[in-house]
2 protein chains.
Amino acid sequence: MIVCMPRAATTSDVFNAIAEPQRREILTLLKASELSVGGVADKLGLRQPATSKHLRVLREVGLVHVHQSGKQRLYGLDARGLRKIHDWTGGFEEFWNQSFDRLNEYVKTLKGGTNVDG
Amino acid sequence: MIVCMPRAATTSDVFNAIAEPQRREILTLLKASELSVGGVADKLGLRQPATSKHLRVLREVGLVHVHQSGKQRLYGLDARGLRKIHDWTGGFEEFWNQSFDRLNEYVKTLKGGTNVDG
DNA sequence: CGATCATATTCCCATATGGGAAAATTAGCA
DNA sequence: TGCTAATTTTCCCATATGGGAATATGATCG
C-alpha cells in the first residue's frame with residue numbers, strides 16, 4: 001500500500017536518469033567511443049563503484065548497453081531514449097521566443113504602468 | 001562541511017526540475033494559458049499545497065513566472081530554460097539511428113531475433 | 001479593522017538517492 | 001583448479017524529496 005509519493009526513482013525513466021550531472025557527463029563521454037567502467041571512472045575522476053552505479057542506472061533506462069570485451073565490460077551509448085526528451089522539450093520551441101516576448105511585455109506593464117524606478 | 005553528496009535538489013537546475021512528471025504536466029498545461037494555482041490543481045487533480053510546491057520549484061529554476069491578478073496568482077510559462085535541455089539532447093541526434101544500428105549489430109552477434117523496443 | 005478567499009509555508013513521514021568502504025561476484029588466464 | 005583483474009553489490013550515512021494536514025501569510029473588499 002502506497003502511503004506517500006517521494007521522489008521518483010532515477011531508474012524509473014530517462015528524465016530522472018539524466019537529472020544527475022555525472023550521468024550526463026558519462027553519456028557525453030560515450031559519444032566518442034565505448035569505455036570500460038574503469039575508463040569512465042578515470043576520465044571523470046570517480047571511484048569505480050560510484051561509476052558502476054551510475055552506469056547501472058543508465059543501463060536500466062536503456063541509455064547504454066554493455067558487452068564483455070576481454071576482462072572488461074564495455075559500455076556503449078544508446079541515445080534513442082534521449083529522443084523522447086528532445087521531442088518533449090521541442091514541443092515548447094514555439095514558446096521560447098514567445099515567452100521572452102511575454103516576459104518583456106509583462107515587465108513593460110509593470111514599468112510603464114507604475115513608472116517605478118529600480 | 002559536506003560529508004556526502006545525496007541526490008541533487010530539484011531546484012538546482014532545469015534537468016532536476018522536470019524530472020518530476022507532474023511538473024512536466026504543469027508546464028504542458030501552461031502552454032495553453034496562464035493559470036492560477038487552484039486552476040492547475042483542479043486540472044491535475046492535485047491539492048493546492050502540493051501544486052504550490054511544484055510551482056515553487058518551477059519558479060526557482062525560472063520555468064514559470066507569476067503575477068498577481070485580483071485575488072489569484074497567475075502562473076505563466078517561461079520555456080526558455082527548456083532550450084538548454086533541447087540543445088543538450090540535440091547533441092545526441094546523430095547517435096539515435098547510429099545507436100540503433102550498433103545495437104542491432106550487437107544483438108545479431110548474440111542471437112538474431114530479439115525484440116528491441118523503441 | 002475584520003472577514004474571506006487564495007496561496008504559501010511548516011511539520012511530518014517514508015522513500016530514494018549518491019558516495020565511501022568493504023565484501024561479493026564475474027571473467028579470463030596460468 | 002586456483003589466481004588475479006575488473007566490476008558489481010551491500011551496508012551505511014546524510015540529504016532531498018513529494019504529499020497530507022494544519023497553519024501562516026497575502027490580497028481584496030466591505
Side-chain angles (χ1 to χ4, degrees), chain A residues 1-27 30 34-61 64-76 110 114, chain B residues 1-26 30 34-61 64-76 110:
Chain A
M1 174 173 49
I2 294 181
V3 178
C4 68
M5 172 84 73
R7 191 168 191 177
T10 58
T11 55
S12 61
D13 68 355
V14 182
F15 281 94
N16 271 286
I18 69 163
E20 161 64 41
Q22 314 235 58
R23 283 197 286 268
R24 292 200 296 275
E25 290 189 50
I26 290 177
L27 293 176
L30 295 181
E34 296 186 327
L35 281 174
S36 66
V37 179
V40 174
D42 284 349
K43 298 234 179 193
L44 297 188
L46 297 173
R47 315 284 168 125
Q48 245 182 25
T51 308
S52 182
K53 288 170 193 169
H54 282 312
L55 286 169
R56 181 177 198 237
V57 172
L58 293 173
R59 218 188 320 140
E60 293 198 20
V61 299
V64 300
H65 57 86
V66 203
H67 69 101
Q68 202 78 24
S69 171
K71 291 183 179 180
Q72 305 177 320
R73 304 191 71 190
L74 292 185
Y75 279 83
L110 289 184
T114 327
Chain B
M1 173 174 54
I2 296 181
V3 178
C4 67
M5 171 86 72
R7 191 169 192 176
T10 57
T11 55
S12 61
D13 65 8
V14 182
F15 281 95
N16 272 284
I18 68 163
E20 162 64 43
Q22 315 236 57
R23 285 196 286 268
R24 293 200 295 276
E25 289 190 51
I26 290 178
L30 295 181
E34 295 186 327
L35 282 174
S36 66
V37 179
V40 173
D42 284 349
K43 298 233 178 192
L44 296 188
L46 296 174
R47 315 284 167 123
Q48 255 185 18
T51 308
S52 182
K53 289 170 193 169
H54 282 313
L55 287 169
R56 182 178 197 236
V57 172
L58 293 173
R59 219 190 318 138
E60 292 198 22
V61 298
V64 299
H65 58 85
V66 202
H67 70 101
Q68 203 77 26
S69 171
K71 291 182 179 179
Q72 304 177 321
R73 305 191 72 190
L74 292 186
Y75 279 83
L110 286 185

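Quick note on labels: first sequence line is chain A, next is B, and so on, each numbered from 1. All figures in this text were calculated on a predicted structure; none of them were measured in a lab.
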Study note, to complete from the structure: Between CG of B:Asn16 and P of C:dT17 the distance, given in whole Å, is 12 Å
**Study point:** Any side-chain heavy-atom pair of A:Thr51 and A:Leu44 under 4.5 Å
**Key:** no
Point to revise | Rounded interatomic separation in angstrom, taking CZ from A:Arg23 and P from C:dG19 | key: 8 Å
**Study point:** Rounded interatomic separation in angstrom, taking NE2 from B:His54 and P from C:dT9
**Key:** 15 Å
Point to revise | Distance in angstrom units between A:Glu60 CD and C:dT17 C1', rounded | key: 13 Å
Review point. What does nucleotides 6-11 of chain D look like as a protein-contact string, B for base, S for sugar-phosphate only, - for none, at under 4.0 angstrom between heavy atoms?
Key: SBBBB-
Exercise for review: Determine whether B:Leu46 and B:Val40 make a side-chain contact, defined as any pair of heavy atoms from C-beta on separated by less than 4.5 Å.
Suggested key: no
Check your understanding: Nearest 0.5 Å, what's the OG1-CG distance between B:Thr10 and B:Leu58?
Key -> 9.0 Å
Review point. Can you name the one residue among B:Gln22, B:Arg23, B:Glu25 that meets side-chain hydrogen bond (donor to acceptor under 3.5 Å, both in side chains) with B:His54?
Key: B:Arg23
Review point. Is there a side-chain polar atom (N or O) of B:Arg47 under 4.0 Å from OP1 or OP2 of D:dG18?
Key: no
**Study point:** Residue of the set B:Arg59, B:His67, B:His65 for which side-chain hydrogen bond (donor to acceptor under 3.5 Å, both in side chains) holds with B:Tyr75
**Key:** B:Arg59
Exercise for review: Please report the shortest heavy-atom distance between B:Leu74 and B:Ser36, naming the atom on each side.
Suggested key: CD2-N, 3.6 Å
Exercise for review: Starting from P on D:dT17, measure out to CD on B:Gln22 and report it in whole angstrom.
Suggested key: 15 Å
